[in-house]
Student: 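Pasting a structure below so you can have a look.
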Amino acid sequence: GEEIRGVEEDGLRGETLVFETKGGLRRRPRHQLAADIGMGIGFLSWLDLHVSVPVTLFQDGELPAISRLGPAAGRILSGVHMRDVQVRLRFQLLQEKKHGVSLGVMPSLGIPSGNAEQFNGEGAVSFGLTAMMSRRWSRAAFSLNFGYRFLDETEFLGLFVGHELTYSLGLRVDAIPSKVSFVADLSGVVGLTSPGVASSPMGLFAGLRLFPMQTPTLALNIGVGIGLISGYGSPKFRAIFGFVWSPQFGSSSTRNVAVK
């Protein structure tokens with residue numbers, strides 16, 4: 001399947017939390033600037049390896065000063081933090097040229113390299129399996145992903161997060177071929193440990209993909225995102241910028257190396 005956008009989520013501890021207090025709904029952390037450094041290598045025509053190293057460059061906020069949190073009450077959440085490294089293998093099962101649609105599966109492993117106490121990591125190993133389908137036309141493409149993620153169960157002020165289903169629907173339309181594309185992505189999760197709105201956030205992203213060079217070696221992604229269902233990790237507003245560098249090696253049949 002084709003990854004039209006590619007923004008990684010890092011579970012409860014890596015996303016903005018929303019909780020209820022006497023003063024109303026509050027968010028902790030309030031603001032966050034994060035970066036994902038990723039690399040993909042194609043070993044075979046049907047096998048890719050992807051590694052993502054997410055980092056929080058800035059965040060501010062604090063935990064509520066309530067007795068239920070014990071020693072963590074009022075903890076400052078500001079700072080620079082590592083998040084959990086993600087390792088994925090992508091297996092292509094069907095090729096669009098032969099079967100009319102691309103179909104693949106991607107097992108994933110989350111390595112607990114983040115700072116769970118600062119809500120930047122799971123604090124335990126996580127696993128996932130995603131099925132990916134995509135289809136391209138002359139000036140458009142779409143992708144549909146559906147998966148399952150195993151997380152160590154976490155509870156925070158009555159919010160339970162654990163096993164969950166994941167989904168995303170992506171669309172790309174080439175406004176100016178090889179120069180400017182419109183991209184959009186609707187994605188979310190469905191919590192299985194404690195089903196409900198709080199554990200099932202959904203978000204919408206829309207933006208542009210720009211190709212500043214004569215070849216598609218370098219792509220720039222800019223866009224914005226909003227939360228549609230206000231579960232955990234669903235901010236009011238999110239701005240996204242990124243680039244993908246995909247150099248060509250050898251003949252046209254050689255797989256690419258993508259860095260983003």
Side-chain angles (χ1 to χ4, degrees), residues 1-9 36 38-52 86-108 128-148 165-189 202-225 228 240-260:
E2 180 184 10
E3 186 179 15
I4 289 182
R5 177 169 62 98
V7 175
E8 307 300 337
E9 303 295 341
D36 288 347
M39 183 172 183
I41 302 177
F43 291 105
L44 301 169
S45 61
W46 50 269
L47 176 62
D48 299 342
L49 170 66
H50 298 259
V51 178
S52 175
Q86 302 290 324
V87 180
R88 300 175 177 87
L89 287 174
R90 182 163 63 177
F91 298 88
Q92 186 166 11
L93 305 179
L94 299 179
Q95 295 182 1
E96 185 176 317
K97 290 182 178 181
K98 295 182 179 179
H99 306 96
V101 66
S102 293
L103 180 66
V105 294
M106 183 170 64
S108 61
L129 181 65
T130 302
M132 305 175 298
M133 181 181 69
S134 68
R135 179 73 164 85
R136 300 182 186 184
W137 293 273
S138 60
R139 298 185 62 168
F142 92 97
S143 68
L144 176 64
N145 298 347
F146 185 77
Y148 167 80
L165 300 177
T166 64
Y167 60 89
S168 67
L169 175 64
L171 174 68
R172 190 198 78 226
V173 177
D174 296 333
I176 304 176
S178 301
K179 290 294 182 182
V180 180
S181 298
F182 168 78
V183 292
D185 181 278
L186 178 69
S187 60
V189 303
M202 175 192 292
L204 175 66
F205 163 86
L208 296 175
R209 177 170 294 171
L210 309 175
F211 298 92
M213 302 176 63
Q214 295 297 323
T215 64
T217 301
L218 177 65
L220 304 179
N221 298 324
I222 57 174
V224 297
L228 299 180
I240 298 171
F241 171 79
F243 72 91
V244 179
W245 180 54
S246 303
Q248 300 284 338
F249 295 103
S251 66
S252 59
S253 63
T254 304
R255 300 287 284 175
N256 293 345
V257 176
V259 179
K260 65 180 181 179

Student: Output, in order, the C-alpha distance, side-chain angles, deciding distance and verdict of side-chain contact (heavy atoms from CB on, under 4.5 Å) for L89 and L49.
Tutor: CA-CA 5 Å; L89 287 174; L49 170 66; 3.8 Å; yes
Student: Verify side-chain contact (heavy atoms from CB on, under 4.5 Å) between F243 and N221, making sure each step is shown before the conclusion.
Tutor: CA-CA 6 Å; F243 72 91; N221 298 324; over 6 Å; no
Student: Under a 4.5 Å cut-off applied to non-hydrogen side-chain atoms, are S45 and Q92 in contact?
Tutor: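 No; the side chains remain at least 4.5 Å from each other.
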Student: How long is the span from the CG atom in D48 to the CD1 atom in I41, to the nearest 0.5 Å?
Tutor: 9.5 Å
Student: Between atom CG of L129 and atom CZ of R88, what is the distance when rounded to the nearest 0.5 Å?
Tutor: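 Here the interatomic distance stands at 12.5 Å.
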Student: L228: which residues meet the side-chain contact (heavy atoms from CB on, under 4.5 Å) condition with it, sequence neighbours left out?
Tutor: L186, M202, L204, I226
Student: Quick one: NE2 on H50 to OG on S52, what's the gap to the nearest 0.5 Å?
Tutor: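 Between atom NE2 of H50 and atom OG of S52 there are 11.0 Å.
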Student: Y148: which residues meet the side-chain contact (heavy atoms from CB on, under 4.5 Å) condition with it, sequence neighbours left out?
Tutor: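 Listed in chain order: F150, H163, L165, L192.
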Student: Could you report the tightest heavy-atom contact between K179 and Q214, atom names first, then the distance?
Tutor: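 Minimum heavy-atom contact is NZ-NE2, 4.2 Å.
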Student: side-chain hydrogen bond (donor to acceptor under 3.5 Å, both in side chains) with S138: which residues, sequence neighbours excluded?
Tutor: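 Result, side-chain hydrogen bond (donor to acceptor under 3.5 Å, both in side chains) vs S138: none returned.
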Student: Compare every heavy atom of L103 with every heavy atom of M133, then report the nearest pair and how far apart it is.
Tutor: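 Nearest pair, atom of M133 first, then L103: CB-CD1, 4.2 Å.
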Student: Under the 3.5 angstrom rule, does the side chain of R139 hit a backbone N or O of V173 as a donor-acceptor pair?
Tutor: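 Pair absent, no side-chain N/O of R139 close to backbone of V173.
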Student: List for me each residue that meets side-chain contact (heavy atoms from CB on, under 4.5 Å) alongside P212, sequence neighbours excluded, and say none if there are none.
Tutor: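 By the side-chain contact (heavy atoms from CB on, under 4.5 Å) rule, P212 matches L218, L220.
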Student: Going by heavy atoms in the side chains, are R136 and S102 under 4.5 Å from each other?
Tutor: no
Student: Not counting sequence neighbours, which residues clear side-chain contact (heavy atoms from CB on, under 4.5 Å) with S181? List them please.
Tutor: R172, D174, R209, F211
Student: Side-chain contact, heavy-atom cut-off 4.5 Å: T130 with S108?
Tutor: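 In short, these two side chains do not touch, never coming nearer than 4.5 Å.
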Student: What are the two closest non-hydrogen atoms of L208 and F182, and how far apart are they?
Tutor: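 What the structure gives for the nearest pair is CD2-CA, 4.2 Å.
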Student: In the structure I gave you, are the side-chain heavy atoms of F146 and T166 within less than 4.5 Å of one another anywhere?
Tutor: no
Student: Only counting residues at least two apart or in another chain, list the ones meeting side-chain hydrogen bond (donor to acceptor under 3.5 Å, both in side chains) with Q95.
Tutor: none
Student: Side chains of S143 and M132: does their closest heavy-atom pair fall under 4.5 Å?
Tutor: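 No, side chains not in contact.
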